[in-house]
Each structure stands twice: as C-alpha cells, then as structure tokens.
Amino acid sequence: MKGPMSSAPNTQSIPQASASWWTRLANPTRFMALAGRLIPWLAALTLIAGAIGLYLGFSAPEDYQQGATVQIMFIHVPSAWLAMMCYSVMSISALGTLVWRHPLADVSLRAAAPIGAAFTLLALITGSLWGKPMWGTWWVWDARLTSVLILFLIYLGLMALSRAIEDPVQAAKPLAIVTLVGFVNIPIIKFSVDWWNTLHQPASVSRFGRPTLDAVFLYPLLTMAIAFTLLFFTLHLMNMRNEILARRIRVMKLKQAGN
Amino acid sequence: MRFEADSISVNRGLRRVVQDVSFSLGEGDALTVTGANGAGKSTLLRALCGLLPLAAGTLRLAGVGEGEDDPLIFREHLHYLGPQNAMKAALSVRENLAFWRDFSGSSGGMAIKAALNAVELPHVADLPYSYLSTGMKRRVAICRLLVSKKPVWIVDEPTSGLDSHSSELFSGLCRAHCADGGIVIAATHLPLGLGKAQTLEMKTLFTFFEGDEFFDGENA
Amino acid sequence: MRFEADSISVNRGLRRVVQDVSFSLGEGDALTVTGANGAGKSTLLRALCGLLPLAAGTLRLAGVGEGEDDPLIFREHLHYLGPQNAMKAALSVRENLAFWRDFSGSSGGMAIKAALNAVELPHVADLPYSYLSTGMKRRVAICRLLVSKKPVWIVDEPTSGLDSHSSELFSGLCRAHCADGGIVIAATHLPLGLGKAQTLEMKTLFTFFEGDEFFDGENA
Amino acid sequence: MGALLSREIRVALRAGSGALMGVLFFLAVVTVFPFAIGPDLNQLGRIGPAILWIGALLASLLGLDRLFAMEREDGALDALVMQPHPLMAVILVKCLAHWLVSGLPLILATPLFGIMLNVSPLGIAAVMATLAAGTPAITFIGAAAAAVASALPRGGLLIAVLTLPLVIPVLIFGITATNGALYDPDPFTAPFLILLALTLFAGVLGPLAASLMLRHSAE
Amino acid sequence: MGALLSREIRVALRAGSGALMGVLFFLAVVTVFPFAIGPDLNQLGRIGPAILWIGALLASLLGLDRLFAMEREDGALDALVMQPHPLMAVILVKCLAHWLVSGLPLILATPLFGIMLNVSPLGIAAVMATLAAGTPAITFIGAAAAAVASALPRGGLLIAVLTLPLVIPVLIFGITATNGALYDPDPFTAPFLILLALTLFAGVLGPLAASLMLRHSAE
Ligand code: HEM
Ligand SMILES: Nc1ncnc2c1ncn2[C@@H]1O[C@H](COP(=O)(O)OP(=O)(O)OP(=O)(O)O)[C@@H](O)[C@H]1O
Ligand SMILES: Nc1ncnc2c1ncn2[C@@H]1O[C@H](COP(=O)(O)OP(=O)(O)OP(=O)(O)O)[C@@H](O)[C@H]1O
Ligand SMILES: [Mg+2]
Ligand SMILES: [Mg+2]
C-alpha cells in the first residue's frame, strides 16, 4: 500500500531529497517545459537528417538486380527498425510504470503506441510495395512478415485497451502488463527469421543482411535511420505533451462538474 | 484485538473523498458511518478492506500477528458486505453459503441452517438464489457473515431493502457479534440500533488535486 | 383519469404471489404498498406495468383512450422505477436523461437542469454516470420521472440508498406530482410521507398450484 | 428513434469501443488462418474469400452478446418496452446501430485483409459487395438469438450457437456469389439477389422474433 | 480450494451450461467450414486438423469472457480477494475449472468432428493429443486478458483480440506436431514438447499477470 499522493509523510513516490534529472522529469510541469524547448530542435534535426538521407538515397545508383525499387529500402528498413524500437521504448515505459512507478512512464507508453503502429504500418506497406516487384506478390506468410503483422496487431490491441478503460490511471497497469507480455514478439521478429517459414525468404533480403552492403546504399540507409529515430523522438515528445494536456483537461472538466 | 485507523485519506477519480479519518475500535466496539449521499462512506469502507488504496495514513488490525498493518494481508480477518450480495444466481442458497463457508477457511461459524434461522428464512435453503425477493437476497447475504466467523464486520448499508422486522433482526445479530468480542463498522442512512456505537459523520469534500499530482491517482 | 385494479392475481415461479388485489386511484391519489420481504410488492408493481402477466383479474387505466384495459398498451403512460436505475454507465448523466426524455416521446417534462436541481445534484450533469455514489445514482434515476411527463408513477423502493434529506426531497416530488393530478404507486419499507395516501398491506402467501394448474404458470 | 440510434452509437463508441474491437478480431482471425492452414499462397488465394467470410461472420456474431443483455441488467429493458414505440422498430434501430459500428468497419477493412490472403482485386470487390449485402442478415438473425440469450448470464456463445446454423444459407450464397464473380461459368447475379432477399427476409423475421421474445420481459 | 473448484464447475454446468455451449460453438464453426471452402474431401482432409485447431481455439477463447466479469458484477470478486488464499492459486483453480468444463469436452468431441472433416484416425489422435497439451495454455493466457476485460461492459471481443496474437505460438506448435504425426519426415516429439513447455510457461505467467491485474480490484 503506498500513497504517492500529496506530501503525506508515508509517501513512497520518488524521493524528494535527491533532485536528479530523473526526479525532476517526474514533475510533468517541468517535463512540459523541457519538452517544449526540445521539440523545435529535434524537429529541425529531423528535417536536416531526412533531407540529407533522401538526397543520398535518390542519388544512389540503381541496383543492378533490383533497379529503382531499391530506393524503397531507405524508407522500409528504418521504419521496420523504428517499429521495433518503439515497442522497446514502450516496454521500458511499462517497467517504469510497474517497477519504478515513474509518473510519466504511463504517459510515455500511451504516447508511443500510435506512433509505433504507424511505423509498423509503414514498414508493412513499403514492404508490400517492394514485394510486388521482387517476389511477384504483395504478401507472403513468412516468419518475418507475419511477426511484423502480429506486432501491428499488438499495437492495435494496446490502443484498443487504452481506449476501452476510460480512466487513464486505471488503465495504466493493465496496459503495462500487456505491453510487457507482448514484448516476446520483438526477438521473434529480429532473430527467428527461419523459425517458421515454409515459403522461403528470397535471397534479395538476406543479401543485404550481411555487412556486405555497398557504401552507396549503406550511408543513405544509416542517415535515414538517424532521421527516423529523430522523427520518432520528436513525435513521441509531442504526443506525450498532448497526453499530459488531455489529462489536465479531463481533470479540469471533472473539477468543474464536481462543484 | 484492535482496529485502528490513523488519519487515513482516500482518493477516488482524481478527488480526495476521505480526508484524515481516524478511529480506534476495541473488541465489542461498533462504529456507524453516516453522511449524505456521496459523502464517501462506501469509499471509506472499501479502503478499510484494502479494496481501494490509501492515499495517506495507516491502518492496523492489532493482534492478528504478521501483516497486522497491511490491509492487503489482514483483510482476510474482515467480512465485507458491500452493496452487492456476492451470491451466484444459478446456485441454491445452501450451495452459495456452503461455498463461502468452505472457501473462507475460518471455522467456528454457524451452521447454514442456524444462520438461515437467524434471518428467519429457514425455508429457502434449497431455492435457487435468483428466486428470492430483493430483501430476502439481502438477508441471505447477511448469512455469509454468520457461516464463517471473522472478527471484524464491515457492512455497507446492510439493511437496504430489508423490512423493519428484518432490520431489527440484523441489529440483534450485530449486537451479538459485538458481545462476542467482534467489531462492527457499518455505513448506514438509518439508525442501526447498536446502542453504544461510536459515530463517524462524513462530510462531502470538495478537494481536488492541484497541479500535476493527478498522475499518481488511485492506483499508483 | 383513473387507475383501477379489479381483484388481480399474479404468479411467480409456480406460486401464487399476489392474490385478489383491488384498488381504484383517481387523479392526485397515492398508494403505498407495504409488506414484509417476499410479500410480493415488486411482483405486483411489475404486473401493474404489464411486465408480468396477470393470472386473474383486470387492470384499467381509464381515460387514456384506446387500449385502456390492456397493460401492454396503456403502460406507455406509466413510469416504472424498478430496483435498477436504467442508466448507462458509459454515458454522462445529461446524455442518459436526454435519451429517456427524447425516447419517451412525451412532452411537458422538466428541463434536465431543473430536474437535477430538484434532486439537488445540479453539478453532476456532465459526469459519467458510473462516477456517482449509490444514492446519487438513485437520485439521477428519479430525474427520469421528471424529464418526461407521464401521469402514473410506479416506483419500487424509490428511496433505497437515499439519505434522509433526499428521501424528503423525493416525497416532495411525489406530492407535487399528485397535486398536479398524477397518480403515485410506491412499494416501500419506510414511510414515504405522502400524507393522505392509501395503503395496501401485502401478506406473504403460501399457495402453491395444485395438480395440473402449474401448466398455466406465469407465462401462460 | 433518432435518440435511440444516437444513444446506441455513442454507447458503442465509448465503452470498450465495439467498432474497433470487431475489426481487430476480424484481423486476428484472418491472421490465424495461414498459421493453421499453411502459408501456401495459391491455396490461401483459393479459400481466401471463404476465410474472409468466416472471419466477418464470427466478428459480427460475437459483438452481439450484449445487445439486450446489458439493457436487461441495468433495468433499461423494462423502461424501453414501456415506451410508446413499436418494439420491432426499437429492435430494428438497435440492429442498425450495431451494424453501423461493427458490420460496416468490417467491410471497409476487407481490402487490406484480402491482399494479405492473396485474393484478387475482383475477388475483394466481390467479397465486399456480398458482405455488404449479407452481414445485415447476420445481425438481424443474431438479434433474435441475443433476445433469447439476454436473460442468461453467459449468453455470448449461446448466441453464436443459435445463430450459426441459421446463417449458413447467408454464408453459402455469399460465397457462391463471390465465386461467381471470380470463376467464369458460375453466375454472380442470381446468388447475389438471393442474398439480398435473405437479408430482407431476416430484416423482418429477426426483429419480429426478437420482439416476441422480449415482449413479456418477465423474469 | 476444493470448494472453489466445485462451485465453479457447478455454476458452469448450471447456468447457460458453458460446457455444452463451447462444444456446440466448436461444432458450428467446424460445420461452417465445408460450406465455405467447398466440400472437396481431399482438401478438407488436408486442412482438417487446422480447422479443428482453429475451432477449438476460438471456442476456448470465447467462453472466457465472464471468468472474472461475473464475479465483479455480483460483488463476489471483493469477497474472493479478501480470503486468505493466494490470488494466483484462486485464478489457477478458476482456470482449471474452466478448462474442465469447456476445454475437455472439446477434446472429447474431436473424433466426431474429425470424421466429418475426413481426418484420418492417426490425425484425429494427434489433434486430440495436441489439443490436450495446448488448450490449457489458451485458457491461462486468456485468463490474463479476462482479468483486464473484467471491468468493461463488453469485454468478450477484447479478450479475443488481446489473446489471439499471444496464442499463435501455441497454434503453430500444435499444428506442427499434428503434421509431424501425419507426414513422415516431420518430427512429432519436438514440437509436442515445446507445446507442453508453452503450456507450463503460460500456466505460471497467465495467472501471475491476471492476479497483478486483479490485486487492487479498485473501481
Ligand atoms: C510487408 C512485407 C515486409 C515486412 C513486414 C518486412 C519487415 C522487415 C523488418 C521487420 C526488417 C528489420 C529486420 C531487422 O532489423 O533485423 C526488415 C528489414 C529488411 N527488409 Fe523487409 N519486410 C518486408 C518486405 C521486404 C521486401 C519485399 C524486401 C526486399 C525484397 C525487404 C528487404 C529488407 C531488407 C533489405 C532489410 C534489411 C535487412 C537487414 O537489416 O539485415 N523487405 N524488413
Ligand atoms: N468509481 C468512481 N469513480 C470516480 N468517482 C467515484 C467513483 N465512485 C464514487 N465516486 C465519487 O466518490 C464520492 C463518494 O462516493 P461514495 O460511494 O463513497 O459515497 P457514499 O457516501 O457511499 O454515498 P451513498 O450514500 O450514495 O452510498 C462521490 O462524490 C462519487 O462521485
Ligand atoms: N424470478 C422469480 N422466480 C420465482 N420466484 C420469484 C422470482 N422473483 C420473486 N419470486 C418470489 O416471489 C415472491 C415475492 O417476491 P417479490 O420480489 O415480489 O417480493 P417483495 O415484496 O418485493 O419483497 P422485497 O421487500 O424483498 O423486495 C417471493 O417469495 C419470491 O421468492
Ligand atoms: Mg455508498
Ligand atoms: Mg421488492
């Protein structure tokens, strides 16, 4: 039983004495201010990195096998990576809710879910667009594709869950637990490419898997990956601010109604 | 055995509903919690049972050994009779009561027959619970307190739906429980007739959390 | 307008629960139905609303035109407030009341604001219904009777869960309804304070169907 | 009646967001199939329309569980049947609202799932058309089952069990029409018209049966 | 605990008879397939085990909706968590009871449905063995979802949506093992053991998660 409410003597929330950055972040007002200052910089960096990445990407030579479609890679691969990274961020946030009881962890989890779903959808769509010319079909049920689809399902399930419980405070724990359970899917996506594939993954995929990727492809890819990561953090901070504001509005409404 | 609350507070949906409530009840004591609708009686009672977290303060059931200051542990010595009756419509009255007796694991309660006699419903034992009228259902729910023996009764409007004769029966049962060394805490709008009961008058609060505290609402 | 019952009987689960009840209520009359738990008050009230079939006797709501002797038709002129509150937890109080007002299709009721004022809950209009305490929920349910105007109110333990002040408010509302030419029929354990109300004391029956009669039990 | 429609939709969209949930269930069921049947795209493409139909069928059935049960539990059913509206119209409106929030999204989501199951664009269009014509029938018939189940504590599966045998004709003509659109000798129009007729028929019979069942909502 | 087990089973067998319902739903789903896919017996025989598994999966998921919701509604949840039993044990017993009345009958009914789908006797035996090993995992994982959904008015579909992605491994290994028994080069033992491991794993993790979720059953 704990009561991190108000300044009651038995409060077990974040100790007041140690004013580390972590503790200070626990205060949403300070977080709002900090995020407000960070977002423009992050957004600017995202734009710069994105512009460089796109330039490098489009000036890259056509692949002798894949032709122009190789350019899809510069969107596809970063968004696939981000889809997984976003889920990892959510899982850490879930730990933050359950173990460290950080007040912003739940806000971060909720804010990340739609972004993750969007990146996953982007990876699915770009993958499909790439698959049509490469494999002759939009979709195959191989391990990697399917596990990404399941990741998408889990994202949607989490969003449905967070919508289903009206009070965000009550939704926090279930959300965190389901998020953690769903994390098993991430290593599955990453490692067990041949865990369940009766239809073979074409060589064109694993060809790039080895570090033999030519520098003309590697650098634009890495730049785009950096741009996507920055984009993620920008969106995440923005969404967290929105979430905090939404909760404040909710409280204000309740206050108004309660008097 | 003593049941003590030391300035406890409870929040509900971003609002402080119970603020700084303290009491200390010894064996044989009774406490009636009164107050207008929405004053926070049910909230307080749920918090006493560990069903809602405390926002501040401590609870203690002295004399039950380990875990006497953790509601999540000592609540196994409490009986909570909430607004719902906790009975399955599909089972007969006897099956329902037998389940709660066996499951609660405490011995020394009344026999089911005796308990039903005490609420003057000896003839319904084998009826499906769903066949009973509102007040009869409530009286069966009261039998749950009798068939398994626990020292503290926490009852939320126990006599709602009861006719006046049954209400008096219930008062008698409470007095008997107190005389037996038990403790009764009852939220009620109607006087329960518990004689020397302490009274706790709840007042509706209008304290909202300020600033950003709401991030740690009730489940934090 | 008159509401008349001519020696009606009602069965429940193979048992005769209401036997030969008659009354005749004119405009401005009130009837309180009393009796011990299980005496058949709720059963009688549901039968008056056409929610349970009559086993014998006739009901008549004289003066409402066609269908005045068929409960399945004239019940649209009745308000029934049962043990449940008929509100959706997910919607706000205002949405709930607005729905019942619009759907009941009868005009001339109070505005929602005025109705909530009448039960002294003006501030909860925009709260989700699920946020209210037991008694507040019941008071909102009472508002349903106010926002759409119907001549006859049939209320089953309307004040259960209400604090004493709110109970008085409700008595006042009933008196106002009667003064306005309405009819109130209330099943209750507590005196409602309706002044010159008629009283119907129900007695628990122990009549079981004999032989083959149970083939035309309650749903016959 | 407008009040009822808007209440139903608001309740559905607010608590537990029924709309989203049905689509997600549909997606989840469709995803499960290739795991069970095997990922052979040709085979999947051949039975794809069937999988889509079964998924939509189950998704629209399973959302029905509390159409009337919730009304009964919170006491609103008594008040609903006491209003001066014909009960059948009330039920029709409830069905309509339910279809709008749970049937329609299924149809809109079909193209996505169709691509994943390797169904051709023509096949997807045919599935969408037949679903649009057929799912209302499922809702109507299911409503009657939901009325029966409303008095039971665990009605969800009962509804499915009661409804599934009755909606098999809908399924058959839905799939026949889809195949008609896809494979040349088979006709599309005839089974499609039958499907429409079934829906109209169910639209009368389902609410009628449901209203009979709810009329004396005696307990 | 014995008291809880017997109460659970009696409630399930009495009200709405959950057991029968699950089997009937299973039957209905299995029956729908030949209508949807076409009655080609060879094809049916080939994907028969898959159909059986999907039917069993859905049937065991969909019965879960009121595992905790009903306890919450009638106030029994409060009293349950206040007893001196570890909450995880309570949940385990509830899962066990649920499996006994809804999972076990599915397995016992499998031979019948297997014959209807033209599955070979060996295939039927394999499906029964894998279902026996796998369906408890579905119940355990579903219980966690049921705990989440217990506070919601329409939790049924949410449970399925949350559970389906997580039980896909169970389905995969169940079907792999079945195929292993049927087609020679593939192994049976290895996937079957993995299936058992999954069930044990779920038997710890599911109730744990569910108990975390129910611990403060605050409303
Ligand atoms: C919808 C279909 C697809 C999905 C869901 C998908 C998913 C993914 C994922 C999750 C990754 C990240 C893996 C990791 O970091 O380990 C990835 C990487 C990659 N994908 Fe796809 N993919 C799809 C289609 C394709 C297609 C059609 C191609 C090309 C023929 C392709 C080429 C690649 C390449 C080259 C990488 C980078 C590999 C590496 O980092 O080693 N993908 N994809
Ligand atoms: N689930 C909930 N979520 C948010 N607020 C709630 C919830 N339940 C109750 N409240 C609020 O808490 C306050 C106290 O409610 P509580 O049920 O404790 O009152 P009570 O004294 O028991 O009233 P009653 O006499 O009507 O039973 C009320 O203002 C109510 O609006
Ligand atoms: N659904 C039912 N099936 C069978 N019998 C029932 C049913 N509901 C009530 N009864 C029986 O009918 C009788 C009258 O019940 P009723 O609910 O009308 O009593 P009441 O006067 O309203 O009592 P209370 O004061 O407790 O509300 C009781 O003996 C009860 O057992
Ligand atoms: Mg209360
Ligand atoms: Mg009654």
Side-chain angles (χ1 to χ4, degrees), chain B residues 12-15 17-18 33-46 82-85 119-121 123-124 127-128 130-142 156-170 187-191 201-204 206 218, chain C residues 12-15 17-18 33-46 82-85 119-121 123-124 127-128 130-142 156-170 187-191 201-202 204 206 208 218:
Chain B
R12 200 115 201 223
L14 309 185
R15 253 185 59 200
V17 170
V18 176
V33 183
T34 61
N37 291 140
K41 303 178 291 300
S42 305
T43 305
L44 173 67
L45 262 54
R46 287 184 73 81
Q84 262 87 40
N85 291 330
V119 297
E120 296 188 354
L121 286 177
H123 52 283
V124 305
L127 283 185
S130 61
Y131 276 37
L132 306 184
S133 78
T134 321
M136 293 157 85
K137 282 182 178 148
R138 195 67 176 163
R139 278 147 75 182
V140 170
I142 289 171
D156 195 354
E157 302 192 25
T159 59
S160 95
L162 295 195
D163 56 27
S164 52
H165 177 65
S166 310
S167 299
E168 273 158 35
L169 281 182
F170 179 71
T188 167
H189 294 300
L190 310 167
E201 166 93 29
M202 307 275 301
K203 289 261 178 311
T204 311
F206 291 99
E218 104 186 73
Chain C
R12 200 117 202 222
L14 306 187
R15 251 184 60 198
V17 169
V18 176
V33 183
T34 60
N37 293 139
K41 303 177 293 298
S42 304
T43 306
L44 173 66
L45 262 52
R46 287 184 72 82
Q84 262 87 39
N85 292 330
V119 296
E120 297 189 352
L121 286 178
H123 52 282
V124 304
L127 283 185
S130 60
Y131 275 40
L132 306 184
S133 78
T134 322
M136 293 157 88
K137 282 182 177 146
R138 195 67 178 164
R139 278 148 75 183
V140 170
I142 288 171
D156 194 354
E157 302 193 26
T159 59
S160 95
L162 295 196
D163 56 29
S164 51
H165 177 65
S166 310
S167 299
E168 274 159 35
L169 282 182
F170 179 71
T188 165
H189 294 300
L190 309 168
E201 166 94 28
M202 306 277 298
T204 312
F206 291 98
F208 284 85
E218 111 183 64

key: Rounded distance (nearest 0.5 Å) linking atom CG of C:Asn85 with atom NZ of C:Lys137   = 8.0 Å
inquiry  = Shorter than 4.5 Å, heavy atoms on both sides: which option in B:Gly135, B:Gly40, B:Pro83 has the most such pairs with chain C?
reply    = B:Gly135
message = Going by side chain to side chain contact (heavy atoms under 4.5 Å, CB included), name the residues that satisfy it together with C:Glu168, two or more places apart in sequence or in a different chain.
response = none
note = Max heavy-atom pairs within cutoff under 4.5 Å with chain B, candidates C:Arg139, C:His165, C:Lys41, goes to C:Arg139
message = I'd like to check the side-chain hydrogen bond (donor to acceptor under 3.5 Å, both in side chains) partners of B:Thr34; sequence neighbours left out, ordered by chain and number.
response = B:Glu201
remark   = Counting heavy-atom pairs under 4.5 Å with chain B, the top scorer among C:Gly161, C:Gly35, C:Ser42 is C:Gly161
message = Can you tell me how far apart OH (B:Tyr131) and CZ (C:Arg12) are? Round to the nearest 0.5 Å.
response = 10.5 Å
key: Spatial distance of atom CG (B:Leu169) from atom CG (B:Asp163) [nearest 0.5 Å]   = 8.5 Å
request  = Examine whether an atom of B:Ser166 lies under 4.5 Å from a heavy atom of chain C, and if so say whether it belongs to the side chain, the backbone or both; otherwise answer neither.
outcome  = side chain
message = For the OG1 atom of C:Thr204 and the CZ atom of C:Arg15, what is their distance to the nearest 0.5 Å?
response = 7.5 Å
remark   = Among C:Thr134, C:Leu121, C:Leu162, C:Asp156, the residue with the most heavy-atom pairs under 4.5 Å to chain B is C:Leu162
message = Under 4.5 Å from any heavy atom of chain C, what part of B:Arg138 do you find: side chain, backbone, both or neither?
response = neither
key: Side chain / backbone / both / neither for B:Leu190 at chain C, heavy atoms under 4.5 Å   = side chain
